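Notes follow the structure.
Remember, predicted model here, so these are calculated numbers, not experimental data. The figures here come from the full heavy-atom set of this structure, side chains too, leaving out hydrogens, waters and symmetry mates.
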Amino acid sequence: MPDLDPVLQPVYEQVLRRNPAEAEFHQAVLEVLDSLGPVVRQHPEYVDARVIERICEPERQIIFRVPWLDDTGRVRINRAFRVEFSSVLGPYKGGLRFHPSVLLGTVKFLGFEQIFKNALTGLPIGGGKGGSDFDPKGRSDAEVMRFCQSLMTELYRHVGEYTDVPAGDIGVGQRELGYLFGQYKRITNRYESGVLTGKGLGWGGSQVRREATGYGTVIFVEEMLRTRDRGLDGAKVVVSGSGNVAIYAIEKVHQLGGTVVACSDSGGVVVDEEGVDVEILKQVKEVRRGRLTDYVQERGGVARHHSDISIWEVPCDVALPCATQNEMDEQGAQALVKGGCAAVAEGSNMPCTPAAVRVLTGAGVLFGPGKAANAGGVATSALEMQQNASRDSWTFEYTEERLAEIMRGIHERCAATAEEYGAPGNYVVGANASAFRQVADAMLAQGVV
Ligand code: NDP
C-alpha cells in the first residue's frame with residue numbers, strides 16, 4: 001500500500017470501515033488519494049470543508065430486485081443497482097453493466113471513477129453508475145427484453161434528462177438500451193431522448209457514440225506517443241477484449257497505420273499477425289453475438305486461438321486493455337515490458353492492478369489511466385445529450401472532430417497538471433489532481449449539500 005499523506009490516511013481508513021468487502025471500490029479510492037497529497041497541502045480549504053470524505057460517500061445508492069420470467073415460464077430474480085455518486089458538475093452520468101460478477105462494490109468503483117472522468121471531459125456531467133448481476137449471454141432477445149422492462153419499471157423513478165442519464169457498459173449495448181428506453185417512454189408517456197445515451201441512430205442516438213470509447217482511447221495513446229516523437233503508424237498493438245471498446249480501438253489503430261496483432265475474450269486470446277480483420281470481428285461479435293473461436297474459423301487459418309496464454313505475452317509496441325477491471329497484473333505488465341512495449345492506455349476501467357502500474361511506470365512505459373484515456377465514450381454521450389436537447393443531429397465527421405478535440409484537450413490538461421505538481425509525464429497524477437480540483441472547487445461553491 002502506498003504511503004498516503006497524513007491528512008488522507010484517516011479518510012481512506014474510514015472508506016475501508018464504512019464499505020467492508022468492496023475491494024474494487026477501495027482500490028479506486030486509494031488510486032485517487034495517492035495522487036492528492038500535494039493538492040491538499042496546497043489547498044487546506046478542501047480539507048476543512050471535508051470535501052474528500054464527501055466525494056467518497058455517494059449522494060444516493062439504489063438497490064432493487066428485478067423479477068422476470070424466462071422462456072420456459074420460470075421466475076428469475078436478479079439484483080440491480082444505481083449509485084448516484086456526484087451531481088456537482090451535472091446530472092449523474094455513467095453506464096449500466098450487466099454481468100454476473102456485478103456487486104455493489106463494482107458499481108461503486110465504477111461510479112467513483114466516473115466522477116473524475118466526467119470532470120476531465122470539461123462537459124457538464126456528474127458521476128454515477130449502475131448495473132445488475134444479470135447475464136445476457138445465452139439469453140434470447142425476448143428474455144433480455146423482459147429483464148430490461150422489469151429493471152426499468154423500478155429505475156424510471158430515479159432517472160431523467162436533468163437527473164441521471166444511464167448508458168451502456170459491459171453486457172449493455174444498443175439492444176438493451178432500446179428495450180430500456182422503450183419501457184421508460186411507456187411508463188412516463190414522454191419521448192425524453194436525453195434520459196439514456198448510446199441510443200440507435202434512428203431514434204435519438206449520436207453518430208460516433210458506438211465508436212467513441214475505442215476511438216478516443218487510441219487518440220489519447222497517439223497523443224502520449226507524440227510526446228516521445230513516436231506514433232501509431234507502423235506500430236504493433238495488442239488490444240484485450242473483443243467487445244464495443246476493443247472493436248473500435250482496433251478499427252482506429254488500423255486507420256492510423258498500426259497493426260493489431262491480438263485480441264481476446266474470456267475464453268482466450270487470438271493472435272492474428274497479419275492484423276485483426278475488424279469487419280469479420282464485427283460480424284461475429286456484434287451481429288451474431290458469437291465467440292472468438294468463430295472469428296478464427298472465418299479467418300481461414302490466418303489467426304490462432306490460444307486458451308493457455310496471457311495476451312500481454314504477445315510482443316507489441318502498444319497495449320490497450322479494453323476488457324475489464326484488474327485484467328493486467330504485475331506478471332502481465334512484466335511480460336509487456338519484456339516484449340518491448342512503449343505505451344499502455346486503459347480502454348477499460350481500472351484494468352491494471354496497482355502493481356502492474358508500478359511495473360509499467362517504473363520501466364518508463366507511457367501509461368494513460370482509464371479516467372483520461374477512455375473518457376471519449378462518456379464525452380460523446382454528453383454530445384448526444386446536447387443534440388437531444390436541441391433536437392438536432394450532427395454528422396459523423398463533425399462529431400468525430402469534437403471527440404478528437406476533447407481527447408486532445410484531456411491529454412493536454414493531464415500533462416500540464418502533472419508538470420505543475422512536479423511529475424512530468426505522470427498521467428495518473430495529472431488526471432486525478434486536475435479532475436479532483438474541478439470537482440472540489442464546485443463543491444466548495446455549492447455549500448454543504
Ligand atoms: P462489452 O460487453 O462490449 O465487451 C466486454 C469484453 O470484455 C468482451 O470481449 C468480454 O469477453 C470481455 N470481458 C468482460 N468481462 C470479462 C472478464 N471478467 N474476464 C475476461 N474478459 C471479460 O463491454 P465494453 O466493451 O462496453 O466495455 C469494456 C470495458 O470498457 C469495461 O471496463 C467498461 O467499463 C469500459 N468502458 C466502456 C465504455 C463504453 O462506452 N462501452 C466507456 C468507458 C469504459 P466475453 O464476451 O467472453 O465476456
Side-chain angles (χ1 to χ4, degrees), residues 85-96 110-129 161 164-169 172 177 193-199 201 204-224 244-245 248-249 251-252 320 322 345-349 368-390 392-415 417 427 430-432 434-435 438-439 442:
F85 235 110
S86 170
S87 60
V88 75
L89 299 182
Y92 309 106
K93 182 86 197 88
L96 294 171
L110 291 163
F112 183 77
E113 290 268 300
Q114 199 83 47
I115 306 172
F116 304 102
K117 180 189 309 193
N118 294 5
L120 286 175
T121 66
L123 297 164
I125 39 179
K129 198 85 187 187
E161 63 180 318
D164 184 352
V165 183
D169 190 82
V172 179
L177 288 166
S193 304
V195 68
L196 289 176
T197 59
K199 299 181 293 295
L201 288 178
S206 172
Q207 295 283 358
V208 194
R209 176 60 190 90
R210 188 177 46 170
E211 294 83 357
T213 308
Y215 276 23
T217 302
V218 175
I219 296 168
F220 193 89
V221 87
E222 177 88 339
E223 289 296 305
M224 292 201 307
N244 172 264
V245 179
Y248 292 94
E251 184 166 278
K252 185 50 93 183
L320 304 176
C322 294
E346 296 184 324
S348 43
N349 285 311
K371 55 174 82 69
N374 72 37
V378 75
T380 309
S381 276
L383 301 182
E384 183 173 331
M385 291 162 74
Q386 279 185 33
Q387 292 168 76
N388 293 153
S390 58
D392 196 1
S393 58
W394 306 340
T395 62
F396 192 94
E397 292 69 26
Y398 176 73
T399 318
E400 191 182 8
E401 188 39 45
R402 291 286 310 266
L403 166 67
E405 242 173 61
I406 291 167
M407 295 313 298
R408 290 192 292 262
I410 295 173
H411 177 270
E412 221 176 279
R413 180 172 165 177
C414 294
T417 309
Y427 293 93
N432 286 335
S434 164
Q438 186 184 346
V439 172

Original post:
Do any N or O atoms from the side chain of Asn118 and from the backbone of Gly126 form a donor-acceptor pair under 3.5 angstrom?
Top reply: yes

Subject >> CG on Asp164 to CZ on Phe85, rounded to 0.5 Å >> reply: 13.0 Å

Original post:
Which heavy atom in Ala345 sits nearest to a heavy atom in Met224, and how many Å separate them?
Top reply: CB-CE, 4.2 Å

**OP:** Verify side chain to side chain contact (heavy atoms under 4.5 Å, CB included) between Glu401 and Glu405, making sure each step is shown before the conclusion.
**Re:** CA-CA 6 Å; Glu401 188 39 45; Glu405 242 173 61; 4.2 Å; yes

Subject >> Expected output: side-chain Asn374 to main-chain Ser348 donor-acceptor under 3.5 Å >> reply: yes

Original post:
Can you check whether Gly370's main-chain N or O pairs, donor with acceptor, with Glu346's side chain at less than 3.5 Å?
Top reply: yes

**OP:** Please round to the nearest 0.5 Å and tell me the distance separating atom CG of Leu403 and atom CD of Gln207.
**Re:** 13.0 Å

Original post:
Side chain of Thr213, backbone of Gly376: donor and acceptor closer than 3.5 Å?
Top reply: no

Subject >> Distance, nearest 0.5 Å, that separates CG of Leu123 from CG of Leu383 >> reply: 6.0 Å

Original post:
Would you say Lys117 and Asn349 make side-chain contact, with heavy atoms under 4.5 Å?
Top reply: yes

Original post:
Atom CG in Leu201, atom CZ in Phe396: separation rounded to 0.5 Å?
Top reply: 9.5 Å

**OP:** Nearest 0.5 Å please: distance from the CD1 atom of Ile125 over to the OH atom of Tyr92.
**Re:** 14.5 Å

Subject >> Stepwise side chain to side chain contact (heavy atoms under 4.5 Å, CB included) test for Leu120 and Ser434 >> reply: CA-CA 8 Å; Leu120 286 175; Ser434 164; 4.0 Å; yes

Subject >> N-O pairing of Lys371 and Glu113 below 4.0 Å >> reply: yes

Original post:
What's the shortest heavy-atom distance between Ala249 and Leu320, and which atoms?
Top reply: CB-CD1, 4.4 Å

**OP:** Verify, without hydrogens or angle tests, whether Lys93 (side chain) and Gly90 (backbone) share a donor-acceptor contact under 3.5 angstrom.
**Re:** no

Original post:
Which atom names give the shortest non-hydrogen contact between Ala119 and Val439, and what distance separates them?
Top reply: CB-CG2, 3.9 Å

Original post:
Does the side chain of Val165 come within less than 4.5 Å of Val195's, by heavy atoms?
Top reply: no

**OP:** From the options Arg210, Glu251, Glu400, select the one residue that forms a side-chain hydrogen bond (donor to acceptor under 3.5 Å, both in side chains) with Tyr215.
**Re:** Glu251

**OP:** Compare all side-chain heavy atoms of Gln386 with those of Trp394 and state whether any distance is below 4.5 angstrom.
**Re:** yes

**OP:** Please report the closest heavy-atom contact between Ala373 and Gly368, naming both atoms and the distance.
**Re:** CB-O, 3.9 Å

Original post:
If we ignore angles and hydrogens, is there a donor and acceptor under 3.5 Å between the side chains of Arg209 and Ser381?
Top reply: yes

Subject >> Gln387 side chain vs Ser206 backbone, donor-acceptor pair below 3.5 Å >> reply: no

Original post:
Is there a side-chain contact between Arg402 and Val208, using heavy atoms and a 4.5 Å cut-off?
Top reply: no

**OP:** Considering non-hydrogen atoms only, spot the tightest contact between Ala379 and Ile406 and give its length.
**Re:** CB-CG2, 3.9 Å

Subject >> Smallest separation among heavy atoms of Thr217 and Gly347, with atom names >> reply: OG1-CA, 3.7 Å

Original post:
To the nearest 0.5 Å, how far apart are CG in Leu196 and CE in Met385?
Top reply: 10.5 Å

